[in-house]
Number of protein chains: 2
Amino acid sequence: MKRIKQNTLERRANILKALAHPSRLMMVDELAKGERCVCELQQLVRADMSTVSKHLTVLKRAGLVESEKRGLQVFYTLLSPCVMNFFTCVESVIAAHKEQAATVARK
Amino acid sequence: MKRIKQNTLERRANILKALAHPSRLMMVDELAKGERCVCELQQLVRADMSTVSKHLTVLKRAGLVESEKRGLQVFYTLLSPCVMNFFTCVESVIAAHKEQAATVARK
DNA sequence: CGTCTATTTGGCTATATTGCCAACTAGTTG
DNA sequence: CAACTAGTTGGCAATATAGCCAAATAGACG
């Protein structure tokens, strides 16, 4: 029955919020395969370099990735590959929701 | 190497976004223990009833909960308890991040 | 040193989210 | 039906997020 501390909830929410964007999900998915430089991620999501950089800052502030500069490039690494496990559950939510929407429509 | 479809990414992001709020996380955590009426959830998060109701609408639109009216009350149920598994991973991110922040500060 | 390349930062506008209040809806009960 | 209770909806102001451009930074290299 114990309530979770407000602080804990906020930190958890921050991490989920950091993930809650299509471009950032795409980048995380790519980083799950190995480290990538910003330029590679930019080509992937096809957004302005500055936009990509800001998305990466969001992920970094949340503690999901870290970066290392080597020469002219900055390489990002996914620190918590366990987030990839979220998607099995997320997909099941999507599937169930679609089904339910169809059922409602059928009425 | 295949890019995930934009559409899939958006739907995934929507679900994560729905979870990414302290009050909603608190409600989801409570609903993981069983169905609850809006009034119970309101007491838990101590916000305006209308605010609670809107948070629940967000969770419902994402397909995470469903609601049933019985008498004067509306009961909400968590449809995908698997989201509770997210938090083990989320906590590890928080722990690692804290550690790293401490390391940086120590320099 | 001057220039090129990769990335970050600042600034701005457009859009989305949050949370409150007030008004409305829908059951319940006298 | 009138009054009450539980919840939802509309509307608004405050705040946060997204994405673009321009300017700044930081290595690499002639």
Side-chain angles (χ1 to χ4, degrees), chain A residues 6-7 9-28 30-31 34-78 104, chain B residues 6-7 9-28 30-31 34-78 104:
Chain A
Q6 189 60 29
N7 216 305
L9 291 168
E10 276 166 23
R11 283 176 300 156
R12 289 183 180 182
N14 272 337
I15 289 171
L16 293 173
K17 198 156 54 171
L19 287 169
H21 187 286
S23 301
R24 293 197 290 268
L25 283 183
M26 194 185 273
M27 294 194 269
V28 165
E30 184 69 15
L31 291 172
E35 67 168 20
R36 296 286 187 274
C37 68
V38 181
C39 51
E40 285 171 312
L41 295 171
Q42 186 203 0
Q43 293 203 316
L44 184 73
V45 310
R46 296 157 198 280
D48 196 281
M49 173 82 90
S50 71
T51 301
V52 173
S53 178
K54 280 178 184 175
H55 279 312
L56 287 166
T57 303
V58 171
L59 292 173
K60 196 171 171 180
R61 267 200 318 235
L64 289 162
V65 303
E66 73 180 359
S67 64
E68 189 190 353
K69 182 153 191 170
R70 289 204 298 276
L72 279 179
Q73 293 174 318
V74 178
F75 291 88
Y76 280 81
T77 318
L78 183 61
V104 169
Chain B
Q6 189 59 29
N7 215 305
L9 292 168
E10 276 166 23
R11 282 176 301 156
R12 288 183 180 183
N14 272 337
I15 289 170
L16 293 173
K17 197 156 57 172
L19 287 169
H21 187 287
S23 302
R24 293 197 291 267
L25 283 183
M26 193 186 273
M27 294 194 270
V28 165
E30 184 69 15
L31 291 173
E35 67 169 21
R36 296 285 187 274
C37 68
V38 181
C39 50
E40 286 171 312
L41 296 170
Q42 186 204 0
Q43 293 203 316
L44 184 73
V45 309
R46 295 158 196 278
D48 197 281
M49 173 83 93
S50 71
T51 300
V52 173
S53 178
K54 279 178 185 175
H55 279 311
L56 287 166
T57 302
V58 171
L59 292 174
K60 196 171 170 181
R61 265 201 318 234
L64 289 162
V65 303
E66 72 180 359
S67 64
E68 189 192 351
K69 182 154 191 171
R70 289 205 297 275
L72 277 179
Q73 295 174 319
V74 178
F75 291 89
Y76 280 81
T77 317
L78 184 61
V104 170

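Heavy-atom basis, side chains included; hydrogens, waters and symmetry copies ignored. The model shown is predicted, which means the values in this text are computed figures rather than measured ones. Just so it is clear: chains get the letters A, B, ... in the order the sequence lines come, proteins before strands, and each one is counted from 1.
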Identify, with sequence neighbours excluded, every residue that meets side chain to side chain contact (heavy atoms under 4.5 Å, CB included) alongside B/V58.
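B/V58 satisfies side chain to side chain contact (heavy atoms under 4.5 Å, CB included) with B/A18, B/R24, B/R61 only.
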Sequence neighbours excluded, which residues qualify as side chain to side chain contact (heavy atoms under 4.5 Å, CB included) partners of A/K60?
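Partners of A/K60 by the side chain to side chain contact (heavy atoms under 4.5 Å, CB included) criterion, ordered by chain and then number, come out as A/V65, A/S67, A/Y76.
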Just by protein heavy atoms under 4.0 Å, how would nucleotides 6-12 of chain C read 5' to 3' in B, S and -?
SBBBBB-
Which nucleotide span of DNA chain D, 5' end to 3' end, has atoms closer than 4.0 Å to non-hydrogen atoms of chain A?
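Range of nucleotides within reach of chain A: D/dT17 to D/dA28.
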Can you name the atoms? Protein N/O to nucleotides 13-17 of chain C N/O, anything below 3.5 Å, with the distance.
| from | atom 1 | to | atom 2 | distance (Å) |
| --- | --- | --- | --- | --- |
| C/dT17 | OP1 | B/K17 | NZ | 3.4 |

For B/R46, salt bridge (charged side-chain N to carboxylate O under 4.0 Å, His left out) partners two or more places apart:
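With neighbours one apart ignored, the set is empty.
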Apply salt bridge (charged side-chain N to carboxylate O under 4.0 Å, His left out) to B/E35 and list each qualifying residue two or more places apart in sequence or on a separate chain.
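Checked B/E35 against salt bridge (charged side-chain N to carboxylate O under 4.0 Å, His left out); matches are B/R70.
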Once side-chain hydrogen bond (donor to acceptor under 3.5 Å, both in side chains) is applied, what residue pairs with a partner in residues 14-23 of chain A remain, sequence neighbours excluded?
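Listed once each, the pairs would be none.
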With no hydrogens and no angle check, is any side-chain donor or acceptor of B/E40 less than 3.5 Å from a backbone partner on B/C37?
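Checked: pair present.
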Side chain proximity check, B/T77 to B/E68, heavy atoms < 4.5 angstrom:
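Heavy-atom side-chain distance check fails, nothing below 4.5 Å.
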List for me each residue that meets side-chain hydrogen bond (donor to acceptor under 3.5 Å, both in side chains) alongside A/T57, sequence neighbours excluded, and say none if there are none.
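In terms of side-chain hydrogen bond (donor to acceptor under 3.5 Å, both in side chains), with neighbours along the sequence ignored, A/T57 is linked to no residue.
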Taking only residues two or more places apart in sequence, or in another chain, which ones meet A/T51 in a side-chain hydrogen bond (donor to acceptor under 3.5 Å, both in side chains)?
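Scan of A/T51 (side-chain hydrogen bond (donor to acceptor under 3.5 Å, both in side chains), adjacent residues dropped) gives none.
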Can you give me the closest heavy-atom contact between A/L25 and B/L9, atom names plus distance?
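Looking at all heavy atoms of both residues, the shortest contact is CD1-O, 3.6 Å.
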